[in-house]
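Beneath this line is the structure, given in structure tokens, with notes to follow.
Counting begins at 1 with the first residue of the sequence.
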Amino acid sequence: MIARHHTDSADPELRGYALGFASAARIRASLDAYGDLFAAVGVATDDLRPYGEQAAEEIRRWAPALHRELVAMAAGAQLEVWRLGLVNARTEVLATVGATAEGECSTAVYVGGPGAPHAIQTWDWHQEFSGTKALIRHPSERTGEVRLFTEAGILGKIGLNSAGLGVHFNILGHAADGERIGVPVHAVARRILDEAATVAEAVDLARSAEVSASTVLTVVAFDGRHGDAACVELSPAGTAVLPPDADGYLLHTNHFLDPRLSAGELAAPTASTYARLKHLAGHRELIASTDPTRWTELLDAHDEDGAPVCCHPQPDLPFHQQWRTLLTVRLDLAAGRLRCHEGGPCTAEEGAWEHF
């Protein structure tokens with residue numbers, strides 16, 4: 001079972017300290033694993049503390065409440081604040097050395113039918129981070145209750161709130177990435193969950209962040225009657241908002257879809273992201289089904305199928321080049337719950353899902 005933490009406090013300092021205290025061992029494990037990853041891709045050791053300090057400062061400027069939570073989390077875990085800043089900026093730090101991902105995540109959303117949107121994604125990362133997964137629940141003054149999946153020590157990633165808004169998360173790579181440490185994209189995802197109830201509000205928040213690494217946040221909303229969604233592609237070169245197509249489908253992997261931003265695309269032409277998106281598009285009717293098991297079926301494709309949507313490591317490669325689908329997650333916006341499976345879609349029997 002994924003580690004869980006629940007707090008009833010809306011005070012950033014109280015919940016941050018409690019989370020840091022309860023998760024200290026897993027936060028330290030996350031920091032150790034990221035230290036190994038940064039070394040493997042060529043990030044200079046002397047740069048780590050300045051990067052962490054800059055990340056914490058960027059969070060302070062853009063989201064003071066999240067910075068208060070970060071500082072308190074560091075105190076609870078008995079760590080220096082810059083170390084928590086560093087792990088929250090893991091995407092930004094990797095971007096400084098151009099460490100692009102061959103694996104990574106695939107997201108599918110459908111808003112073309114009645115009721116709540118259908119929304120599912122894989123979370124692909126390195127096996128070494130399988131023990132740092134966390135499910136966190138806390139109140140928000142603006143959006144009710146927030147439920148999210150993240151990595152230990154990182155403020156946010158994938159989740160939803162009781163105002164009816166959810167966020168999926170996929171990393172991108174752009175030629176403009178990595179010149180500095182900007183607002184961490186994981187903090188952007190978290191602030192949206194804490195403060196946005198509509199897609200428009202989420203877009204406004206995302207646009208306000210000066211990022212230094214690229215990502216796409218697929219924002220999904222349900223007001224009790226109608227669904228809405230958009231992919232928000234964030235980059236130092238600008239922000240693009242992509243609506244669902246005419247049939248209500250919204251699909252994304254790990255390359256830019258906006259024509260202007262795609263001019264700076266870092267993903268190689270042979271990267272799996274293109275084959276994965278093609279697979280999703282070719283089988284997209286599965287996400288329109290009212291049976292969520294069909295949504296999982298959409299993501300159950302491997303190398304031998306021509307698209308490693310469900311990702312498994314290749315033992316002959318070094319660890320930082322190996323990818324595994326560590327989590328499959330659905331957003332149940334009607335119920336206000338996450339449905340999570342520890343592992344890839346190929347092992348996601350219906351009874352194997354955690355409801356959070």
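For the atom pair T107 OG1 and W123 CH2, the distance stands at 13.5 Å (nearest 0.5 Å). We find the CD-CD distance between E58 and E210 to be 7.5 Å, quoted to the nearest 0.5 Å. How far CD of E285 is from CG of L298: 8.0 Å, rounded to the nearest 0.5 Å. Atom OG1 of T132 is separated from atom NE2 of H126 by 11.5 Å, given to the nearest 0.5 angstrom. Rounded to the nearest 0.5 angstrom, I181 CD1 and S212 OG are separated by 5.0 Å. Between atom CD1 of residue I158 and atom CD of residue Q121 there is a gap of 3.5 Å, rounded to the nearest 0.5 Å.
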> Could you walk me through whether D194 and H138 pass the side chain to side chain donor-acceptor pair (under 3.5 Å) check?
Replying inline: CA-CA 9 Å; D194 280 358; H138 68 264; 3.0 Å; yes
>> Assess the residue pair R276 and T253 against the criterion (side chain to side chain donor-acceptor pair (under 3.5 Å)); give the C-alpha distance rounded to whole Å, side-chain angles, the decisive distance to 0.1 Å, and a yes or no.
In response: CA-CA 7 Å; R276 287 185 280 120; T253 50; 4.8 Å; no
>> Please evaluate residues D291 and T293 with respect to the criterion side chain to side chain donor-acceptor pair (under 3.5 Å), reporting the C-alpha separation (whole Å), side-chain torsions for both, the decisive distance (0.1 Å), and the verdict.
In response: CA-CA 5 Å; D291 179 0; T293 62; 2.7 Å; yes
> Step by step, would you call R90 with Y34 a side chain to side chain donor-acceptor pair (under 3.5 Å)?
Replying inline: CA-CA 8 Å; R90 55 87 145 172; Y34 275 112; 2.9 Å; yes
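Of the residues listed (K133, E151, R324), the one engaging W125 in a side chain to side chain contact (heavy atoms under 4.5 Å, CB included) is E151, and it is the only one. For the side chain to side chain contact (heavy atoms under 4.5 Å, CB included) test with I287, the passing option among I120, V109, T296 is I120; the others fail. A side chain to side chain contact (heavy atoms under 4.5 Å, CB included) with L155 is found for exactly one of V188, I59, L84, L19, namely I59.
Pairs engaging residues 136-149 under the salt bridge (Lys or Arg N to Asp or Glu O under 4.0 Å) rule: R137-E145, R142-E195, E145-R147 [sequence neighbours left out].
When hydrophobic clusters are built by joining Ile, Leu, Val, Met, Phe, Trp and Tyr residues whose side-chain heavy atoms come closer than 4.5 Å, directly or via intermediates, L257 is grouped together with Y249. Residue L280 is not grouped with residue V216 when hydrophobic side chains (ILVMFWY) are merged at heavy-atom distances under 4.5 angstrom, including chains of intermediate members. A single hydrophobic cluster is not seen to contain both V309 and L172; linkage of ILVMFWY side chains at heavy-atom distances under 4.5 Å, directly or through other members, places them apart. V220 and V241 fall within the same hydrophobic cluster, defined by Ile, Leu, Val, Met, Phe, Trp and Tyr side-chain heavy atoms under 4.5 Å apart, directly or through other members. No continuous path of hydrophobic side-chain contacts links L242 to L234 [ILVMFWY only; heavy atoms under 4.5 Å].
Looking at residues two or more places apart in sequence or on another chain, you find a side-chain contact (heavy atoms from CB on, under 4.5 Å) between V41 and L37, V43, L94, V97, A99, H320.
In this structure, L148 and T150 approach most closely via the heavy-atom pair CD1-CG2, 3.6 Å. Across A197 and T143, no two heavy atoms sit closer than the pair N-CG2, 4.4 Å. The shortest non-hydrogen separation linking A119 to W295 is N-CZ3, 3.9 Å. Closest approach of A213 and A95 over heavy atoms only: CB-CB, 4.0 Å. Across all their heavy atoms, A206 and I192 have their closest contact at CB-CD1, 4.3 Å.
Between the side chains of T218 and H252, no donor-acceptor pair is found at a separation under 3.5 Å.
Annotation: side chain of L193 is not in contact with side chain of S140 (no heavy-atom distance under 4.5 Å). When side chains are defined from C-beta on, I2 counts as touching E354, because their heavy atoms get closer than 4.5 Å. Looking only at side-chain heavy atoms (C-beta outward), L250 and V111 stay at 4.5 Å or farther from each other. Using a 4.5 Å cut-off on side-chain heavy atoms (C-beta onward), R339 and P292 make no contact. The side-chain heavy atoms of E342 and C340, taken from C-beta on, include no pair separated by under 4.5 Å.
Between H174 and F256, the ring-plane angle classifies as perpendicular under the 30° and 60° cut-offs.
In this structure, E304 places its CD atom where more than 12 heavy-atom neighbours from other residues, nucleotides or ligands lie under 6.0 Å away.
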